[in-house]
Every structure is written in structure tokens, then in C-alpha cells.
Amino acid sequence: MIQTKLESFISDYLKSNNFELSNWNVAINTREGFGDYSSNVALILSKKIGKNPMEIAEAIVGYQNKEEELFSVSATKPGFVNFNISINYYLDIMNSILEEGANFGKPGKHEKSANVEFVSSNPTGPLTAGHGRNTILGDMVSSILSWHGYNVTREYYYNNAGKQMRMLGESSYAKYAKKIGKDVTPPENGYVGEYLDDIADEIITKFGKDLDSNSEHFRAFTEEKIFDSIKNTLKSLRIEFDLFSQEQKFYDNGGIDNVLKKLDELSLTYKKDGATWFKTSGLGKEEDKVLVKSTGEPTYRLPDIAYHIDKVDRGFDLIVDIFGADHIETYPDVLLGLKALGKRTDHIKVIVHQFVTLKKDNQVVKMSTRKANFITLDDLIDQLGVDVVRYFFIMRGANSHLDFDFDLAKDESEKNPVYYLQYAHARISNLITRYDSDINQKTGLDLSLLIEKDEILLIKKLSAFPTKMGEIHESLEPSKLATYLQEVAASYHKFYGNHKVIDHNNIPLSYARKNLCNATQIILKTGLSILGITAPEKM
RNA sequence: GCCCCGGUAGCUCAGCUGGAUAGAGCAACGGAUUUCUAAUCCGUAGGUCACAGGUUCAAAUCCUGUCCGGGGUACCA
């Protein structure tokens, strides 16, 4: 990779002069007129050796072996060292894109495994727009890891045994009772969503009108129906899980008792106010946390520690948890628990995303499954399409609050960023078809004919793909891929608008440009497929 | 009170491991359609990077404080 070469060029210079310096860098330039890459090394060195930075920069320029053809070095004003990379370097990369196609930039296969836990919504109601971010983020993070050679397990962890599920059963019964004319007051703080009416109808059809409130059908059947709907939503989002894990398992197999017992042996728990506390203060935290409530029910932390022990023991090389901002307080406790019990945690990555503010009819919709005040993910998919939904939920960084304006997303669907990307792809498809029937030149490719500014910029943008994917692997931020693809599409549309590809008077150039289109299409298609968004041939 | 995110153009957000003239989309305004798909392109306008200090040759970026918004703070998960 070129950046490494530039860095070693500079370290060679430093070594040959016996300068010890560590915090300099070589960075890609986004601004025009300063070369492709720049280094701040002279500015930093200047302070250390008390010399004018510009002089140092000039010295580095002079250090270059003039035979070097890959790049040229120059110095500018305050003391930056700028590198201009030979176009041949970029053309070589373009050749690789054309040769390797969908595999371009992909690291070789390695035998690593990863587990990504996401959604993890309990089956108390359909997936809402609020769940969309976690769901789609998790799926794309999984795809990014797969692309980088991981064997990924997508895992959905849920609890169908707790208080909320009991409440769901009671709420379901209340709906049923009302429909068969019984006077039953619904549970306080129960669920009231319309989806429960539909389920109550089904219960009547299937099991009749003589069920009493104790019937298991209210809880079990309701849960089953809701889970079916969740799975359907996931399916329409093109998401497939490898594993569904139940919290109940860790009650049944003693995992939870075991955690309590071991923590107790380590003197990390104590009783107070009828509750069992986790002495996290002994592990560097300011406050202790409750593991078992005074009612005897564990808090979220305890089973989650047991669950994570299970995940760690399954031996993954990487474990990723996708959590909403509401978990930000609890996950450090889970990690502390794991550490205290002697488990590895250095391979656990927690991605905390901020919440989505959904706006509809100019109002903020507060999401609450219980109060049935929500827009479902299905609603969004129906109105906007899967591609738009997938894109909108990841177009912002996970750390930013996401404003999802339903009306705007719908109104603007024709000038949507998603369509901008897809249109670039479709345009290329059409063009290539046209080229094949009009010219159909297939030998004698000479990419060096691509000398226009728009062509060069596009080629450089495409060449950045492997580096960009590396950054995305590091940060696990799909939004960065979306941004990059927008830049690729913009470069392409610009090139397309300013230059004609098919020119019967200049077949060699036509052929070179057609290959530039091919390369662009490969990058767009690869990127879109990682995002799980379709790359249409026609629009 | 304490903890975690965020505050950048009218709106939604990039940029944040410090670098040169702070970017994009939408909205506004003005252009391009004898055409390889105008779902596009070109141009104009739009900024106290919340505020105040500090560190530095250099701060939107790092540190401290203040203000504002979101989330959390056992008995919702």
C-alpha cells in the first residue's frame, strides 16, 4: 500500500539523520493543490531540533532518490511535505479492480469467528421504528465482518420468561375477555396495542370462547404470534439470524446461580435492603449495583453476565454487542462481572448507538411498545421500501442522534440519497449494454488514455476502497461506507455528465472509459451488497 | 447530584488519533435536455464550528468550566 511506502520513505530519512521522532503522520489529502498525501513530519521535527520547518521539508525533498518513479515529493509553505503519486500506481489498482471484481480489496480468508448480538427485543410487540437502528446496524456490522473473512454468527437473545411476558399474557387475556363480552379490567401498565386485538381474534377462532384467564394460550400463543411477526419483519429486511438464545436457559442450566455463587466466593456480593448487591466499588466503580432485587427477581445484569460467560466460552475470536443508549450504564458491569470471574473481555466490542427520534406529522413520536404508541418497522418498509429503510437507519454515525422524519423520507423518496447511489449503478448498466451493442471493442485496453480531471478523480476514489474498508472494519461504522459510496457515485455522475463514453471516432478511448465504468460498477455493487441494498440494472 | 452521547450553513448531518481555504444532501435562487437514463450535471447564496478559558508553531478536533438537548442512574429490560 502506497501510504506505507511513503511512511517508510520518511522513517528512512529520519533514521539516516539519527532523528528520533514518533508522532508524525502521512495522511491522504482531500484538498486540491497539495498532492495526494501530506506529512507533518517537518513541522514536528522543527521544534525538536530547532530548525526552520521549511528547511527540513526541503531537505526531505532532497533526500528522495530521483530514480523513484512511484511518487514525487515537494514542500509547501509552513513546512508540509507533499507527495504526488504517479498515475500509473492508480491505473494498476484499477486493473486489479477489473480483474478481481467482487473480491477486490477483500482480505484473504482467515479462520476467525465472530458473534454479533443484536435486536434482542423481547416478544412483547412488533418491532417498531425505534428498533430499526439496532436491527439494521447489527446486520451491517455482521456483513462487514463477513466481508473481512470472519465466520459470523448473528444472534438474537431474548427473555420470554420475565415479568413483562406475564404482563403480556394478562393483557392478551383482557383483550380476549372484552371481545367475548366479559368485564375484565386490563392490567395496570399493561400492553394495549392493536396487534393484541388481532391475536385475540385468532385465539377465539382457534381455541373458542371458553378459555379462562389461567390458560397458557394467552401467554404462549401470543408470544408465538408476536415472534412470528418479528421474524417476518426481519425477513423482509433481508436479515437472517443463525441463533436465537433464551435467557431462560441460564436459569435452567444453573448458569445464573453459578455466577452468584462464584461472585459470593470472591466476596464480591453482599445483602442490603433485601437485595443482593454486586460490589463493583471494589472493582473500580463508584457505586455498587443490584444483582437481585428485593422481590427475588434478578436485574438485567445477572442473567446477562451468565449469558456472556456462555458466549465467551463458545470461543469466538470476536464478540460484538449492539446496544441502545439505555444500556450504556449496565454493560460495563457485565464486563466487570466477566473479568471478576476470570473470563476474557478484550475481544468484546460494545457498540452503543443513540436513539432514533421519529417524526411524523411534524411531531416527535415517543416510542413505547407498551402504550402502543408507535410506528412499526413494517409500516416503514411498506411506505418507503427496504432499501430506503436500511439506508436511512445507518446513514448517520451510531454515536449521533438520528432524526428519522417519516414524512420527509416519504416525500423525498424521489430525490433520496439511496436512489442517487442506485441510479449511478443503473446508469452504468445501461451504458455498458449500449456499448456492447454499439462498439463491442474487447481488446487493446489502454487505461493511460484516461487523463481528464474527472476521470483521474474517479479512479483515485475507486482506489481508496480497500483503505476505506479497513477503516470501516476498525470502527464498525456502516455509515462510513454509505458516505464513501455517495462520494463514488458523485464522482461518477460528474464524469458521466462531462464526458461521453461511447465515441465512434475514438474507439480506444471509448474502451478505456467503458472499463472505468466497469470498475465503478464493481465498487458500487460490492458496497451496496455489504449494506444489503439492491443494485438495480434499471430504474 | 452523578455517569454516557450530542451541540458545525435555514434543516439533517460528515469532518473529531490536532494541520493548509470547515464540507455534503435537502431547502432557496440562476443555468444545462439535437443526449450514453435530467432519479443527473454546472453555478450563486448561506458559518462567531453552543459559549468562555487553556495547551500548541497550528484547535471544529485535545483539556477545564458553563449553557442547551437526548439517554441512564436496582424495584422497565
Side-chain angles (χ1 to χ4, degrees), chain A residues 23 25 27 29-34 38-40 43-44 46-47 53 76-80 82 120-122 124 158-159 162-164 167 189 247 272-278 285-301 303-304 324-330 332 352-355 357 368-370 395-405 408 411-424 426-435 438 479-480 482-483 486-487 489-490 492-503 510 513-514 517 538-539:
Chain A
N23 52 346
N25 65 19
N29 251 327
T30 47
R31 199 182 303 279
E32 267 184 75
F34 297 109
S38 293
S39 177
N40 60 358
L43 292 159
I44 293 176
S46 117
K47 187 166 185 203
T76 46
K77 278 186 289 177
F80 286 101
N82 297 328
S120 294
S121 169
N122 289 340
T124 57
Y158 66 102
N159 174 18
K163 181 178 163 189
Q164 293 308 314
M167 186 77 86
N189 288 324
E247 183 179 316
K272 195 178 94 181
D273 303 334
T276 306
W277 294 69
F278 183 17
K285 295 275 280 187
E286 293 200 358
E287 288 175 345
D288 293 339
K289 296 290 166 59
V290 172
L291 286 176
V292 184
K293 301 174 204 168
S294 50
T295 59
E297 283 184 280
T299 62
Y300 165 86
R301 288 181 185 83
D304 219 39
D326 51 347
H327 277 71
I328 206 149
E329 191 76 8
T330 47
V352 177
H353 62 86
Q354 300 300 310
F355 281 142
T357 308
S368 164
T369 304
R370 201 170 321 162
M395 66 197 277
R396 306 304 178 206
N399 262 342
S400 292
H401 295 267
L402 176 64
D403 247 43
F404 198 123
D405 189 324
L408 198 71
D411 285 350
E412 285 189 345
S413 62
E414 296 232 326
K415 39 185 86 166
N416 215 291
V418 188
Y419 296 135
Y420 186 81
L421 286 180
Q422 294 183 319
Y423 183 56
R427 241 184 174 179
I428 294 171
S429 294
N430 185 66
L431 184 64
I432 290 173
T433 307
R434 181 66 70 100
Y435 176 93
D438 280 16
S479 67
K480 290 185 195 290
T483 305
Q486 285 293 332
E487 290 167 5
Y492 181 77
H493 283 309
K494 195 178 165 86
F495 155 73
Y496 182 95
N498 290 337
H499 305 284
K500 211 137 155 85
V501 172
I502 295 173
D503 179 356
S510 298
R513 285 183 171 162
K514 181 249 171 188
C517 294
K538 279 191 178 144
M539 283 177 81

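Here is the naming used below: chain letters follow the sequence lines, and residue numbers restart at 1 for every chain.
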When all nucleic acid strands are considered with a 4.0 Å heavy-atom cut-off, which category describes [X]: base, sugar-phosphate, or nothing?
X: A:R434; result: sugar-phosphate
X: A:H499; result: base
X: A:S479; result: nothing
X: A:K480; result: sugar-phosphate
X: A:G324; result: nothing
X: A:L291; result: nothing
X: A:D326; result: base
X: A:H493; result: sugar-phosphate
X: A:S400; result: sugar-phosphate
X: A:A490; result: nothing
X: A:N82; result: base
X: A:D403; result: sugar-phosphate
X: A:K500; result: base

What's the verdict on side-chain hydrogen bond (donor to acceptor under 3.5 Å, both in side chains) for A:Y300 and A:H327, showing C-alpha distance, side-chain angles and the deciding distance? CA-CA 10 Å; A:Y300 165 86; A:H327 277 71; 3.1 Å; yes
Decide yes or no on side-chain contact (heavy atoms from CB on, under 4.5 Å) for A:D304 and A:T330, but give the supporting numbers first. CA-CA 10 Å; A:D304 219 39; A:T330 47; over 6 Å; no
Are A:D503 and A:S510 close enough that a side-chain donor and a side-chain acceptor fall under 3.5 Å?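 No, because no side-chain N or O of A:D503 sits under 3.5 Å from a partner of the opposite role on A:S510.
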Under 3.5 Å for both donor-acceptor distances, Watson-Crick or wobble: does [N] have a partner, and if so which one?
N: B:G6; answer: B:C68
N: B:C16; answer: none
N: B:A38; answer: none
N: B:U73; answer: B:G1
N: B:C62; answer: B:G54
N: B:G43; answer: B:C29

Using whole Å, report how far [atom1] of [X] lies from [atom2] of [N].
X: A:R427; N: B:A38; atom1: CZ; atom2: P; result: 5 Å
X: A:Q422; N: B:U40; atom1: CD; atom2: P; result: 12 Å
X: A:Q486; N: B:C26; atom1: CD; atom2: C1'; result: 12 Å
X: A:K47; N: B:A58; atom1: NZ; atom2: C1'; result: 11 Å
X: A:F495; N: B:C36; atom1: CZ; atom2: P; result: 15 Å
X: A:N498; N: B:C41; atom1: CG; atom2: P; result: 10 Å

Closest approach to the side chain of [X], judged atom by atom: which nucleotide of [options] is it?
X: A:Y419; options: B:A39, B:A77, B:A74; value: B:A39
X: A:S38; options: B:G19, B:G6, B:A20; value: B:A20
X: A:Y300; options: B:C5, B:A77, B:A74; value: B:A77
X: A:Y420; options: B:A74, B:C36, B:U40; value: B:U40
X: A:T76; options: B:U40, B:A20, B:A39; value: B:A20
X: A:I328; options: B:U40, B:C4, B:C5; value: B:C4
X: A:K494; options: B:C36, B:C42, B:A77; value: B:C42

Reckon [X] has a side-chain N or O less than 4.0 Å from the OP1 or OP2 of [N]?
X: A:K289; N: B:A74; result: no
X: A:Y496; N: B:C42; result: no
X: A:K293; N: B:A77; result: yes
X: A:R301; N: B:A77; result: no

Whether [X] side chain and [Y] backbone form a donor-acceptor pair below 3.5 Å:
X: A:S38; Y: A:N29; answer: no
X: A:D288; Y: A:W277; answer: no
X: A:R396; Y: A:S479; answer: no

Considering heavy-atom distances to RNA chain B, does A:P417 or A:V352 have its closest nucleotide positioned more toward the 5' end?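 Result of the comparison: A:V352.
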Cation-pi geometry met for A:R427 and A:Y492 (6.0 Å, 45°):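 So A:R427 doesn't make the cation-pi contact.
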Under 3.5 Å, is there any donor-acceptor pair linking the side chain of A:H327 to the base of B:G72?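 Answer no: no donor N or O sits under 3.5 Å from an acceptor.
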Does A:T330 contact B:A77 through a side-chain donor or acceptor facing the base, at a distance under 3.5 Å?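 No, no donor-acceptor pair under 3.5 Å.
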Is the aromatic ring of A:F80 within stacking range of B:A20, meaning centres under 5.5 angstrom and planes under 30 degrees?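 Stacked: ring centres under 5.5 Å, planes under 30°.
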